[in-house]
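A short worksheet on the structure shown next.
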Amino acid sequence: MRLVLVGPPGAGKGTQAEFIAAHLAVPKISTGDIFRANVSQGTPLGVEAKRYMDAGKLVPDEVTINMVRDRLAEPDAAEGFLLDGFPRTTPQAAALDKLLADLGTALDLVLELVVDDDEVIRRLSGRRTCRGCQKIWHVEFDPTTTPGICDRCGGELFQRDDDKAETIAERLREYASKTAPLIDYYGAQGKLVGIDATGPVEDVTVRAIDALRSYGG
Ligand SMILES: [Zn+2]
């Protein structure tokens, strides 16, 4: 099965991607992993991407798409894959459709993790990271015994900039403007399946797998 996973920040995409890919026995392919692999192996695309990243610039779509193309052409992706973090925009989705067509195939489904903004803010703004061991806690869902102190190592907890209310609001705005049009794009193709991504992680996985099963996954 050839799948794309989409959803707002804080929807639990990374975790669900692991579980769903394992269930389907397909590789989980994230742009983060592809970038790191290309950069660490010093491929021409990796060298080019690193130049942009070192300059604090966004890596151009063309570079990202070429990396995705190389990755999808590897043997382990021949029977299926789960893409996480790509495409993020409608032009990237169109480029993905084209490169899959060049490979003689097409996406089967796009799974959308549906979480409303209030829930995203609640999940992300409650996260606290340990300065000592980097473990991530949550003031509501996974609190420490003593507020502000890590149970594991006694380190001090802090809130990362990414988890601050103003940053979350900015990320949600960016998602709404750039990624949400993807939902319409795939909806128009009849490939979109949305599932409720609130509640315990295991329940969300079950919902995702049930949804995929009804489409032959
Ligand atoms: Zn700690």
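Position 1 is the first residue of the sequence; numbering continues from there. What you are looking at is a predicted structure, and each value in this text was computed from that prediction instead of being measured. For ligands, and for the atoms within them, numbers begin at 1 and follow the listed sequence. Values reported hereafter were calculated over all heavy atoms of this structure, with side chains retained and with hydrogens, waters and symmetry mates removed.
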(request) Report yes or no: is the cationic atom of R131 (NZ for Lys, CZ for Arg) under 6.0 Å from the centre of the six-membered ring of F158, at an angle within 45° of the ring normal? (result) yes

(request) Return each pair, listed once, that meets side-chain hydrogen bond (donor to acceptor under 3.5 Å, both in side chains) where at least one residue sits in residues 54-64; pairs must be two or more places apart or across chains. (result) K50-D54, D61-Q92

(message) Please say yes or no: joined through hydrophobic side-chain contacts below 4.5 Å, possibly via intermediate residues, are L109 and L182 part of one cluster?
(response) no

(request) First locate atom CG of L124, then atom CD1 of I168, and finally report the distance between them rounded to the nearest 0.5 Å. (result) 4.5 Å

(message) Here's a test for you: under side chain to side chain donor-acceptor pair (under 3.5 Å), which of N66, D33, D76 qualifies with R71?
(response) D76

(message) Taking 2.8 Å as the limit, list every protein N, O or S atom around the Zn ion (ligand 1), by chain and residue number.
(response) C130 SG, C133 SG, C150 SG, C153 SG

(message) Once rounded to the nearest 0.5 Å, what's the spacing between atom CG of L82 and atom CD1 of I29?
(response) 8.5 Å

